[in-house]
Amino acid sequence: NGADGDSATLSATSNGRSGSGSLTSTVPSDGYNGPGTNDPSGGVDIPIYSGDTMTLTETLGTNTGAYGTTLQCGSGTSHNGMSGTYTVPDQPTEITCTFTNTRSTVPVVLQKQWINGYVGDKTDLSINGATADDGVGFATSTATASNGIDTTNQAAVDVPTGSVVDLAEWLHGANHGAYNITNFTCLDQDNAVVTVTSKSATHKTFTAPRSGTVTCTVTNTRTTSTITLQKTWVNGAKNDTTDLSITASTGTGSKTSTANGNGGSWTDTGHVATLDVDAGSTVNLAETLGAGNAGGYTVTGFSCVGADTNWTSGSTATFTAPGSGTVTCTVTNTRTATTLKLQKSWVNGADGDSTTLHATGNNGTDTTAVDTVGGTSGTVTVDVYSGETVPLSEAMGTNRGTYTPSLGCTAGVVSGTAATSGSVVVPRDLSGVTAPIVCTYTNTRTSAVLHLAKVWRNGADGDSATLSATSNGRSGSGSLTS
């Protein structure tokens, strides 16, 4: 396991007449892992004489790797160390003394730190390209808490000193959350930083030190997206309110929207609830209409740009937060509406007497109709919103009779019940109201009693007179004989 280019200088010296020699051995670029003649230098031959002692030494170069060294001459005992001696026997024979250098290793650990991890999300950790089939140098880390380092599922392997160590992680495609790698650091046994080279966000390398241990930590921080919830009022009553809220694992965002009272559709972009939420988390949207609102409303939709919303009806909706960006959601409330009919009732009306009925609906137009006693029956029908104050009135014609007016409606709060000008406030809750709401102006003709009597002054006994009274209209008639 020699590192390419590493070298060692070998030398042999004698205390006598035996020869001496030296050589420098270098690991070739195609690697070197063997003894003797596998060394491209081929070794060096030295003459030896009986009784001499040979001192054998090795000096390692400025190498990439660190090595353990043993020395063995022939089939003799192997000794650890970078120097030794060999005593030439009385009957010398050719012998080979070999220094063997075995490259040392250091333990490397790759572990995972989750920040706001979605519990159950997974990532694969690999050292030097290891896979699950290799058994070492590979691990799958599973987020079991929102924050923390997974010290149980670590990729670990011993690597040669001085070697380039390859680190990688692969987040699982089925994860709920999306993540950014916010840190990829390596520390030695003294917590000193080991320099890391970046190949990509998920792929790093470093050079293994000559001793000690290296622990590397890849930190994944769950990404966030910004959620906004705004309100669209359709025909909202001025100053009606609703409380908007966004709730997720990161907290709650809220805001109160107030209707501007304009007709048609209006989106309140000035009062928007906002919240930053973790990728993959469930986002809950809700609104609560103000208890004192004039109008009643139906929720006609929750819609979001940037996410698929789960909503069928009601004032709540949910969706799963995307990995990044902004999601703009809108809840739309449409004010409920019905129709109102204004009609006329005459009590003892004089034929030909008339009145003009007036009602102003939600379009702001004064709608009129003429009702005549014994003639045209006039009614006014207008569209009205819940909670709306609808002006009602009548204008009497140039009539023969005079009348006492009264106003009543089948629903709502009526004002001006004994006048020719009044109004009705349409109920906020129209669920139990039969359409149309019928309002009636009742005009009762004023009346009194005419007493017809006879007075005789110096009348002759038995004289008589017949008296009678008749009307050109609805008044009564009568006669008497006195």
Side-chain angles (χ1 to χ4, degrees), residues 231-242 258-268 289-290 292-298 300 332-347 349 353-373 375-399 401-444:
K231 174 75 171 183
T232 294
W233 298 91
V234 179
N235 301 318
K238 185 175 179 61
N239 295 326
D240 276 3
T241 64
T242 190
T258 302
N260 64 0
N262 295 340
S265 177
W266 174 70
T267 300
D268 183 4
L289 287 160
N293 285 352
Y297 299 87
T298 57
T300 51
T332 301
N333 284 134
T334 300
R335 191 173 174 187
T336 55
T338 186
T339 55
L340 180 145
K341 182 172 77 171
L342 178 61
Q343 63 185 14
K344 181 68 177 179
S345 175
W346 298 92
V347 177
D353 280 3
S354 66
T355 190
T356 301
L357 303 175
H358 295 259
T360 303
N362 56 30
N363 62 359
T365 300
D366 179 19
T367 304
T368 63
V370 176
D371 188 275
T372 304
V373 178
T376 303
S377 177
T379 60
V380 176
T381 300
V382 292
D383 294 325
V384 294
Y385 294 128
S386 59
E388 179 181 6
T389 298
V390 182
L392 305 172
S393 64
E394 68 167 343
M396 302 297 289
T398 305
N399 295 334
T402 58
Y403 299 87
T404 300
S406 66
L407 174 63
C409 296
T410 57
V413 178
V414 180
S415 299
T417 57
T420 57
S421 179
S423 64
V424 60
V425 178
V426 180
R428 180 172 67 178
D429 184 3
L430 294 176
S431 59
V433 175
T434 300
I437 296 172
V438 178
C439 294
T440 304
Y441 264 112
T442 299
N443 287 105
T444 302

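This one's a predicted model, so the numbers in the text were calculated from it and none came from an experiment. Counting from 1, the numbers follow the sequence of the chain as shown.
Separation of atoms CZ (Arg335) and CG (Leu430) is listed at 10.0 Å; rounding is to 0.5 Å. To the nearest 0.5 Å, the span separating CG on Asn239 from OG1 on Thr241 amounts to 9.0 Å. Here the straight-line distance linking atom CG of Asp383 with atom CG of Asn363 works out to 7.5 Å at 0.5 Å rounding. For the atom pair Cys409 SG and Tyr441 OH, the distance stands at 9.0 Å (nearest 0.5 Å).
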Next on the checklist: Walk me through whether Thr365 and Thr360 qualify under side-chain contact (heavy atoms from CB on, under 4.5 Å).
Outcome noted: CA-CA 5 Å; Thr365 300; Thr360 303; 5.9 Å; no
Checklist entry - Given the rule in the side-chain contact (heavy atoms from CB on, under 4.5 Å) test, do Val426 and Val390 qualify, once you have shown the distances and angles that lead to the verdict? => result CA-CA 7 Å; Val426 180; Val390 182; 3.8 Å; yes
Item to check | Residues Val424, Cys439; criterion side-chain contact (heavy atoms from CB on, under 4.5 Å); working and verdict | outcome: CA-CA 9 Å; Val424 60; Cys439 294; 4.2 Å; yes
Next on the checklist: One pair to check against side-chain contact (heavy atoms from CB on, under 4.5 Å): Thr334 and Tyr297. What are the steps and the verdict?
Outcome noted: CA-CA 5 Å; Thr334 300; Tyr297 299 87; over 6 Å; no
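Checked by atom type and distance alone, the side chain of Asn235 pairs as donor or acceptor with a backbone atom of Gly264 at under 3.5 Å. Arg428 places a side-chain N or O within donor-acceptor distance of the main-chain N or O of Asn293, the cut-off being under 3.5 Å. Remark: the backbone N or O of Gly401 is paired with a side-chain donor or acceptor of Asp353 at under 3.5 angstrom. In this structure a side-chain-to-backbone donor-acceptor pair under 3.5 Å is present from Asp429 to Ser431. Side-chain atoms of Ser423 never come within 3.5 Å of backbone atoms of Pro391 as a donor-acceptor pair (strictly under, hydrogens ignored). Of the possible polar contacts, none joining the Tyr385 side chain to the Asn362 backbone as a donor-acceptor pair under 3.5 Å is found. The backbone N or O of Leu342 sits nowhere less than 3.5 Å from a side-chain atom of Thr379 that would complete a donor-acceptor pair. Although no hydrogens or angles enter the test, the distance criterion places a donor-acceptor pair under 3.5 Å between the side chain of Asp240 and the main chain of Gly295.
Partners of Tyr403 according to the ring pair (Phe, Tyr, Trp, His ring centres under 6.0 Å) rule, which considers only residues two or more places apart in sequence or in another chain, are Trp346.
The shortest side-chain heavy-atom distance between Ile437 and Pro427 falls under the 4.5 Å cut-off. Residues Thr232 and Ser265 have side chains in contact (heavy-atom distance under 4.5 Å, counting atoms from C-beta outward). Residues Val384 and Thr339 have side chains not in contact (no heavy-atom distance under 4.5 Å, counting atoms from C-beta outward). In this structure, the side chains of Ser345 and Thr440 come closer than 4.5 Å at one or more pairs of heavy atoms.
Among all heavy-atom pairs drawn from Ala411 and Val433, the shortest one is CB-CG1, 4.0 Å. Closest non-hydrogen pair, Asp371 versus Ser377, comes out as OD2-CA, 3.2 Å. Residue Gly387 comes nearest to Val425 through the heavy atom pair O-CG1, 4.0 Å, listed as atom of the first residue, atom of the second, then distance. Shortest non-hydrogen contact noted between Leu407 and Gly422 is CD2-CA, 4.3 Å.
Side-chain contact annotation: Ser386 with Thr336, donor-acceptor N/O pair under 3.5 Å present. No side-chain donor-acceptor contact under 3.5 Å links Thr332 and Thr300.
Residue pairs meeting the salt bridge (Lys or Arg N to Asp or Glu O under 4.0 Å) criterion with at least one member in residues 385-395, sequence neighbours excluded, are Lys344-Glu394.
The residue from Val438, Leu392, Val380, Thr410 that alone fulfils the side-chain contact (heavy atoms from CB on, under 4.5 Å) condition with Leu340 is Leu392.
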